[in-house]
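Heavy-atom basis, side chains included; hydrogens, waters and symmetry copies ignored. Here the structure is a predicted model, which is why all the values come from computation and not from measurement. Residue numbering restarts at 1 for every chain, and letters A, B, ... go by the order of the sequence lines.
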Amino acid sequence: MAGQYIDGMEMDKLVSLCRRRGFLFQSSEIYGGLNGFWDYGPLGVELKRNVREAWWHDMVTGHNELSVAPGAPAPYEMTGLDCTIIMHPQVWKCSGHYDLFHDYMVDCRESKRRYRHDQVRGRWVTAKGQRIFVTTVAEVAQEQADVEHRALKFFHLRAKDADQLSWDGDFRALPEVTDLSQVLGPDARTLGTLTEPREFNLMFKTYVGALGGEESSAFLRPETAQGIFVNFRNVVDSTRVRVPFGIAQIGKSFRNEITPRNFTFRSREFEQMEIEFFCHPSQSQQWYQYWRDRRLKWYTDLGLAGERLRLREHDREELSHYSTGTADIEYAYPFLPPGEFGELEGIAHRGDFDLRSHMEGKLDPATCPLALERDADGKPRWRGSGKDLTYRDDLTGERFIPHVVEPSAGADRATLAFLCEAYTEDEAPDENGVMQARTVLRLHPRLAPLKAAVFPLVRKDGMPEIAQEVYAALKPHFPVFYDEKGAVGRRYRRQDEAGTPYCLTIDGQTLKDRTITIRDRDSLNQWRIHVDDCVAELQQLLR
RNA sequence: GCGGGUGUAGCUCAAUGGUAGAGCGUCAGCCUUCCAAGCUGAACACGAGGGUUCGAUUCCCUUCACCCGCUCCA
């Protein structure tokens, strides 16, 4: 493939092109912008729509449930769903997002580090007449060693003087300590450098109904997946689908990221393309592998074929114990340091965690086998729906809770990756045959915002009239663009920058035999086709 | 949110305590018979708010956004 991958230095060029050509704008720009929010412009909206539609077609509507897909263990069905962004607050309590996304954080004024309030642990220790609380974020096995080392250092004692340290009580979590002035932060050398704990809610909170107040509080969804789980029963009861089957959904999700960064990569409002695939527990591993490979192939088929795309299986330590596998599809975005990859999509084996949590109440991910998470009084921390979310196989009579494989893709991240991959600078000859720099988006034709452009070679001799005729013939079938202004070379270059794969030009010969030239964006090759064949020719090329 | 850097036309960059310039791009017209830089003309900027000053794009404060670190993983 001609052209060079862009590196971090050249990410700016892509961002600039996106803005200049109307792919992406900063949200609310005229008011100074809003951190973590992005708007898609005229070209961007088409590109992202094409990404979504390619996904929906390839995963849902184009799927043939009567035959066995390559690599699949069995035939399966696919269906779609579109649920609300705001759901019952209990959904997020049972899903675990409420607890996980609702943290208190403390900052250290000295080390400039930030910690989860509840993850900082420490011990009271007295030496030289002073009593301090020494904290650590080390693993439990190392925490005593770490705390002792740092206590010695604080009191200016040698290791052999460890017996001068008088420990008071066992390890306890930082939230149990009220006086932060006597706390030695995990990376601090002086006392009292930790700030008061501050609430971090990674979910956007809102209020349902005209009256505010905690009673009416709700959240914007941080993922679309839960809407699928809570509708599992509805889909099964209303569609005659049988396990194995998948429910797909595309929609906006919201996370109050601490630090939105890297163009649209980490946005606070973003779009997901998720599938929850329900299968028999005994087959879940095979389905996991199928989806992992199927999803990787989807990206490569659409042009992310280089070394910048990879599939990374999570290590055993990264997995929840109820999961038998998780893989990330990652892309080496140019804004990342060389060798680093950013996540495009996660394919997770989630077992029966989600359906059971919505049935029985929030499960404790730390338990094995999974058990209800309980509060200090032994009551369920968050009550489930109590509804039966088991599935009965009518053929075998077996009743079970399906296991779930979850391919969860980021629509904006995919769009960004396709843009990064497509951005190319190469050379093309000018009118004197001298090579000139050219910027071209080598987008896959399925993704290109415009499929073709139509030009009269010059604006006279009846060429515009024929060009408009061609344009009119194409327009009902494809997004196409008409341009008759200025030099034709300039018009070609403009289309190259927008990623338009084909340009049709009406020239002098057209007037004689009604043939026009068609020019390929990537190879710059041209060939002639008859005016009456241009729709068919493009349909052929764009397939 | 904390620390460091940045903020001038759409883009890239100048200059200045007193009316802000250029190139590219855009638009209009001319010229153009296949790959951006020919001619003529036009539009467009000091991120926002406040302060100091006779006067601020320039000095000060605040804020917003962007880039680099700490956190997050679609």
* Tell me: CD of A:E406 to C1' of B:A74, nearest whole Å? -> 10 Å
* Asked: Hey, is the side chain of A:Q509 poking within less than 4.0 Å of OP1 or OP2 on B:U33, counting only N and O atoms?
  -> no
* How far does the C1' atom of B:A56 sit from the matching atom of B:A15, given to the nearest Å? -> 15 Å
* **Contacts of A:D513 that satisfy side-chain contact (heavy atoms from CB on, under 4.5 Å) - sequence neighbours left out** => A:Q509, A:T515
* Give A:S253 one of three labels, base, sugar-phosphate or nothing, depending on what nucleic acid heavy atoms sit under 4.0 Å from its own. => nothing
* Asked: Touch check for A:D496, heavy atoms < 4.0 angstrom, all strands: base, sugar-phosphate only, or nothing?
  -> nothing
* Asked: Between A:W287 and A:F277, does a ring pair (Phe, Tyr, Trp, His ring centres under 6.0 Å) hold up when you go through it step by step?
  -> CA-CA 8 Å; A:W287 283 112; A:F277 189 81; 4.6 Å; yes
* Provide the distance between the two C1' atoms, one in B:A74 and one in B:C34, to the nearest whole Å. => 44 Å
* Asked: Hey, would you say the A:F341 and A:Y331 ring centroids sit under 6.0 Å apart?
  -> no
* Asked: With a 4.0 Å cut-off on heavy atoms, is A:F25 in touch with a base, just the backbone sugar-phosphate, or nothing at all?
  -> nothing
* How many Å lie between CG on A:L34 and P on B:G47, as a whole number? -> 20 Å
* To do: Look at all strands and tell whether A:L524 reaches a base, only sugar-phosphate, or nothing, counting heavy atoms closer than 4.0 Å.
  => base
* Identify whether any heavy atom of A:Q26 sits under 4.0 Å from a base atom; if not, whether one sits that close to sugar-phosphate; answer base, sugar-phosphate or nothing. => sugar-phosphate
* To do: Could you state the atom-to-atom distance from CG of A:D426 to P of B:C35 in whole Å?
  => 16 Å
* Does OP1 or OP2 of B:G25 have a side-chain N or O of A:R20 closer than 4.0 Å? -> no
* Asked: Looking across every strand, which nucleic acid part, if any, lies under 4.0 Å from A:G508 by heavy atom: base, sugar-phosphate, or nothing?
  -> base
* OP1 or OP2 of B:A28 less than 4.0 angstrom from a side-chain nitrogen or oxygen of A:K485, does that happen here? -> yes
* Asked: Contact class for A:F265 (heavy atom, under 4.0 Å): base, sugar-phosphate, or nothing?
  -> base
* Asked: Within the structure shown, what part of the strands sits under 4.0 Å from A:T505 by heavy-atom distance: base, sugar-phosphate, or nothing?
  -> base
* Looking at A:R442 and A:D522, does any basic side-chain N land under 4.0 Å from a carboxylate oxygen? -> yes
* May I ask you to say what A:S267 touches in the nucleic acid, namely base, sugar-phosphate or nothing, with a heavy-atom cut-off under 4.0 Å? => base
* Answer with base, sugar-phosphate or nothing: what part of the nucleic acid does A:M463 contact at a heavy-atom distance below 4.0 Å? => base
* Please say whether the positively charged group of A:K93, taken as NZ for Lys or CZ for Arg, lies over the ring of A:Y98, i.e. under 6.0 angstrom from the six-membered ring centre and within 45 degrees of the axis. => yes
* To do: Could you give the distance separating B:U8 and B:A20 at their C1' atoms, to the nearest angstrom?
  => 8 Å
* Under 6.0 Å between the ring centres of A:F265 and A:Y333? -> yes
* Rounded P spacing from B:G38 to B:G23 in Å -> 12 Å
* Asked: Between B:C35, B:U33, B:A74, which nucleotide has the shortest distance from any of its atoms to the side chain of A:K460?
  -> B:U33
* To do: Indicate whether OP1 or OP2 belonging to B:C11 is found under 4.0 Å from a side-chain N or O atom of A:R19.
  => yes
* Asked: NA contact type, A:N35, heavy-atom cut-off 4.0 Å: base, sugar-phosphate, or nothing?
  -> sugar-phosphate
* Asked: For atom C1', what is the distance between B:G55 and B:U19, given to the nearest Å?
  -> 13 Å
* Please state whether the phosphate of B:G25, meaning OP1 or OP2, lies under 4.0 angstrom from any side-chain nitrogen or oxygen of A:R490. => yes
* With heavy atoms under 4.0 Å as the rule, sort A:E345 into base, sugar-phosphate or nothing. => sugar-phosphate
